[in-house]
Amino acid sequence: MTSARNIVSKLSPLLACLGLLALWQVAALWLDTESFPTAWHALQTVPQVLGDPEQLLNILDSIRRMVIGFSLAVLIAIPLGLAMGRSARVSAFFNPLLMMIYPVPKAALMPVIMLWLGVGDASKTLVIFLGVSLPVIYHSFQGAKAVEEKMLWSGAAMGLSGLQRMIRIVLPAALPEILTGCRTGLVLALITMVTSEMIARQSGAGNILFNAMDMAQYDTVFAMIIIIGALGIVLDAAFDKLRWRLVKWAEPHQEILLGAS
Amino acid sequence: MRGKVRKLSPPSERQATGGRMQVPLRPEIDTGTGATSGERARAMIEIASVSKRFETSGRKSHLALSDINLTVNDGAFVSILGPSGCGKSTLLYIVGGFVAPSEGVARMKGAAITGPGPDRGPVFQEFALFPWKTVLGNVMYGLRQQGVKRTEAEAQSLRLIEMVGLKGFEHFYPKELSGGMKQRVAIARTLAYRPSVLLMDEPFGALDAHTRTRLQNDLLNIWERDRKTVLFVTHSVEEAVFLSDKVVVMTRAPGRIKQIVDIDLPRPRIRAELLLDSHYQKYVVDIERMIDDGRDDAEHS
Amino acid sequence: MSTRRLTTVLMGALPILFVLAIWQALCSFGYAPPSLLPPPGKVFLRLAQQLGNVGFLDDILATLIRLFAGFLIAVVLGVGIGLAAAVVPAINAVVRPLVQVLAPLPKVALYPALIILFGFDHASKITLVTLDALFPILLSTYYGASMVEQKLVWSALAAGTPRWQILFKVIAPAALPSILTGCRIGLVISCIVVFLAEMISSTDGLGHLLVGAARTFQTVDMFVPLITISLLGLMLNGLLYGLRKYLLRGFPEV
Ligand SMILES: Nc1ncnc2c1ncn2[C@@H]1O[C@H](COP(=O)(O)OP(=O)(O)O)[C@@H](O)[C@H]1O
Ligand SMILES: [Mg+2]
């Protein structure tokens with residue numbers, strides 16, 4: 001059944017990776033400076049970084065914080081977004097506040113939050129939570145708003161209560177959009193994690209990256225870039241698989257990846 | 001001359017109907033026999049042995065049109081009638097040059113059609129107006145493309161907009177118009193660049209019955225003025241009989257021409273009179289029966 | 001109608017006022033020492049003072065220059081590549097896998113590399129902003145342009161539009177709503193990223209102000225740049241909204 005074209009399209013992201021690495025390799029050879037190692041060199045440093053138990057623990061700690069922040073955000077943001085999408089009052093209430101928070105870089109709150117909660121896990125997890133919440137709220141809001149009114153009417157006619165309609169009709173109907181928000185949120189969680197650690201400079205993947213930068217260990221810098229980049233790509237691909245399973249029924253629709261915070 | 005009863009040529013376009021030769025059912029329904037009469041009607045569009053096969057996902061392909069032969073004379077109003085999915089739109093798109101036939105050729109004034117051109121103006125069921133342009137902007141578009149100066153294009157377009165009954169709406173955007181008004185704009189936009197042939201794909205299909213009747217009347221009035229060649233796709237038998245000189249009845253998939261019916265009703269046609277006219281009624285009933293036959297065939301097979 | 005608008009605005013103002021009230025209460029009732037949370041009045045007074053300060057305005061200017069330069073480059077590249085990929089299958093075949101790989105990549109992680117390559121000045125920050133804002137713009141342009149109603153294109157072709165002009169005469173304008181949505185997301189991202197880049201390494205700009213204040217525990221001065229970037233974001237968003245309203249006046253549901 002799988003045709004040759006299918007295989008090529010499955011392999012093409014891999015080819016793209018190889019192409020980018022090759023480009024890097026050529027650029028590094030051409031520039032030939034100590035501060036810009038070749039792709040090959042950086043790749044060789046990756047196992048070295050991951051082999052160091054302290055650094056590996058650091059990175060795993062980062063991932064743990066990211067998972068906790070992300071999960072909390074999703075649990076709170078989806079109900080809020082759905083409520084905003086179905087009630088003009090709720091949305092009028094929260095929208096302006098959210099609009100004000102949206103352009104504030106969540107990781108930039110680190111210095112302030114660190115004053116209150118210290119430099120530990122709590123601050124970093126809170127920042128990740130904030131970063132993930134907004135896109136998830138936004139997409140849940142959009143998804144719930146777009147739910148066909150008639151579907152809710154037929155639900156009401158069948159005797160479903162308001163809450164039941166929310167869970168049995170709005171949630172599944174908005175699921176594709178919600179999952180798009182979660183996917184964006186996942187990328188954001190990773191980004192916020194790295195940035196908050198870059199700013200707090202205590203522990204974690206972002207800290208390793210910038211410490212290496214300060215100590216001019218350029219191989220480690222680029223190895224960390226590869227590790228964090230790969231983490232992003234793998235998490236995104238995995239989530240996309242999951243999403244695809246959950247909403248196979250939905251028509252393919254456009255998705256815009258948000259890429260920062 | 002105009003408005004007189006016009007005897008239409010028993011055309012030469014009735015040779016091939018995919019092997020299913022039809023015996024004329026009624027004397028009024030003369031399907032032609034393939035012999036050309038002495039009339040000098042010029043062929044505007046010729047469709048010769050056209051088939052269209054769509055590659056679908058998977059290895060199967062779908063035969064949408066099979067061996068279509070049809071000639072449309074200059075100034076004729078020809079309707080294509082058939083069940084949904086029988087390839088009416090596809091046939092029209094082939095004449096428009098939007099879709100290439102898999103086999104055979106379509107010719108316009110003797111030259112093979114290789115792509116779209118301003119000699120063939122389409123009108124779609126979905127209106128397909130440019131949402132970023134006003135009514136005037138939409139109607140002017142074709143003229144500006146032909147290199148007509150802005151002031152001149154504007155003057156001509158304003159006249160056309162008045163003709164389709166939209167005076168006062170020149171600066172409205174399509175979203176601010178009703179469906180019927182949108183289709184009027186679309187017709188004006190196409191008429192503006194003076195195509196020799198109008199290709200209309202169920203243009204009134206998305207409109208309510210009342211609007212539909214009004215637009216049919218208006219279309220006939222416009223057509224009576226300059227007698228453009230019109231190829232008109234519809235699935236309404238009444239609409240086809242009311243408007244056309246000739247009705248091409250197609251069978252369901254794969255689309256073939258089942259029969260071509262000359263509509264020998266006097267022009268100009270007045271709806272109120274026609275509805276009571278027994279000839280008109282007979283045409284409608286006979287063609288409906290013809291389409292039903294096709295359905296029975298499909299169900300038996 | 002207008003009273004309804006008014007109530008909507010008031011409803012929206014409520015939570016913001018609520019936050020301010022809590023903030024004030026925390027300070028007035030002594031729950032938060034001023035060294036951790038300065039009272040809002042003090043922060044806004046300081047903001048007003050700073051707006052008359054040339055040095056502060058220079059910092060805002062530096063941030064805005066980086067933001068706009070990065071954002072505009074991202075718009076040009078994103079719209080250009082997005083349209084090209086939607087129209088030319090060969091370009092699509094190359095761009096699609098690259099975007100698949102690069103879009104989910106956390107771009108901030110590249111920042112050290114950008115510093116190494118382009119130095120600590122404007123260039124590395126502008127590049128980072130561009131990289132981050134590029135993909136949402138590119139993707140929404142691409143989807144918008146590939147969803148263009150076929151019959152619009154046909155109508156234009158039949159009216160005598162040469163094939164090469166279809167891109168500018170039909171596809172780009174028809175994809176405009178989608179393109180502007182991408183730009184809006186890109187703009188928010190640009191605000192966020194420029195600030196972060198300045199926080200990580202800079203000698204000027206709003207982000208640098210925050211870091212500087214944090215080092216010396218000037219809590220009031222830490223809040224000022226945060227509020228400034230939030231207000232800037234709101235203003236730019238409002239401008240883009242107005243532009244969108246104007247450009248899309250013909251389209252259904254702006
Ligand atoms: N682009 C296409 N790809 C595949 N199949 C098509 C395409 N366009 C039309 N078809 C198929 O060709 C047949 C005829 O379609 P169409 O011409 O639209 O029919 P009609 O206009 O008579 O309803 C249908 O079965 C339709 O599914
Ligand atoms: Mg059709």
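So you know, we letter chains A, B, ... as the sequences are listed, proteins then strands, and number each from 1.
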For A/Phe93, does the CZ atom have more than 12 heavy-atom neighbours from other residues, nucleotides or ligands under 6.0 Å away? yes
Over 12 foreign heavy atoms within 6.0 Å of CD, A/Glu34: no
Taking side chain as everything from C-beta outward and backbone as N, CA, C, O, which of these in C/Phe18 sits under 4.5 Å from a heavy atom of chain A? Side chain, backbone, both or neither. neither
As an exercise, state the distance from CD1 of C/Ile16 to CZ of A/Phe94, rounded to the nearest 0.5 Å. 12.0 Å
If you compare all heavy atoms of A/Pro13 against all heavy atoms of C/Val101, which two are closest, and at what distance to 0.1 Å? O-CG2, 3.4 Å
Should we count CH2 of A/Trp116 as having more than 12 external heavy atoms under 6.0 Å? yes
Test item: C/Tyr111 and A/Phe210 side chains (from C-beta on) under 4.5 Å apart, heavy atoms: yes
Considering only heavy atoms, which portion of C/Leu117 lies under 4.5 Å from any heavy atom of chain A: side chain, backbone, both, or neither? side chain
Counting only heavy atoms closer than 4.5 Å, note whether A/Leu20 contacts chain C via side chain, backbone, both or neither. side chain
Less than 4.5 Å to any heavy atom of chain A: does that hold for the side chain of C/Tyr142, its backbone, both, or neither? neither
Specify which of C/Ile115, C/Leu110, C/Leu226 makes the most heavy-atom pairs with chain A at under 4.5 Å. C/Leu226
Which bit of C/Leu102 is near chain A, if near means a heavy-atom gap under 4.5 Å: side chain, backbone, both or neither? side chain
Checking C/Val19 against chain A: side chain, backbone, both or neither under 4.5 Å from a heavy atom? side chain
Interface residue of largest heavy-atom contact number with chain A, from C/Ile229, C/Leu14, C/Ile200, under 4.5 Å: C/Ile200
Relative to chain C, which of A/Ser91, A/Gly229, A/Ala92, A/Gly206 shows the most heavy atom pairs under 4.5 Å? A/Ala92
Give the member of A/Asn95, A/Leu235, A/Leu209, A/Thr33 that has the highest number of heavy-atom pairs under 4.5 Å with chain C. A/Leu209
How long is the gap from CD1 on A/Ile199 to CG on C/Leu210, to the nearest 0.5 Å? 8.0 Å
Reported CD1-to-CG distance for the pair A/Ile191 and C/Leu196, which is rounded to 0.5 angstrom: 9.5 Å
Reported OG1-to-CD1 distance for the pair A/Thr192 and C/Ile192, which is rounded to 0.5 angstrom: 8.5 Å
Specify which of A/Leu109, A/Val112, A/Leu186, A/Val221 makes the most heavy-atom pairs with chain C at under 4.5 Å. A/Val112
For chain A, which candidate among C/Ala214, C/Ala93, C/Ala113, C/Ser146 shows the most heavy-atom pairs at distances under 4.5 Å? C/Ala113
Nearest heavy-atom approach of C/Pro104 to A/Val187 is O-CG1, 3.8 Å
Cut-off 4.5 Å, heavy atoms of chain A, and the answer for C/Thr219 is side chain
Student check: side-chain heavy atoms of A/Phe222 and C/Ile116 closer than 4.5 Å: yes
Chain C contacts, top residue of A/Gly19, A/Gly232, A/Pro111, A/Ala108 (heavy-atom pairs, under 4.5 Å): A/Ala108
Within 6.0 Å of CZ in C/Phe44, more than 12 heavy atoms from elsewhere: yes
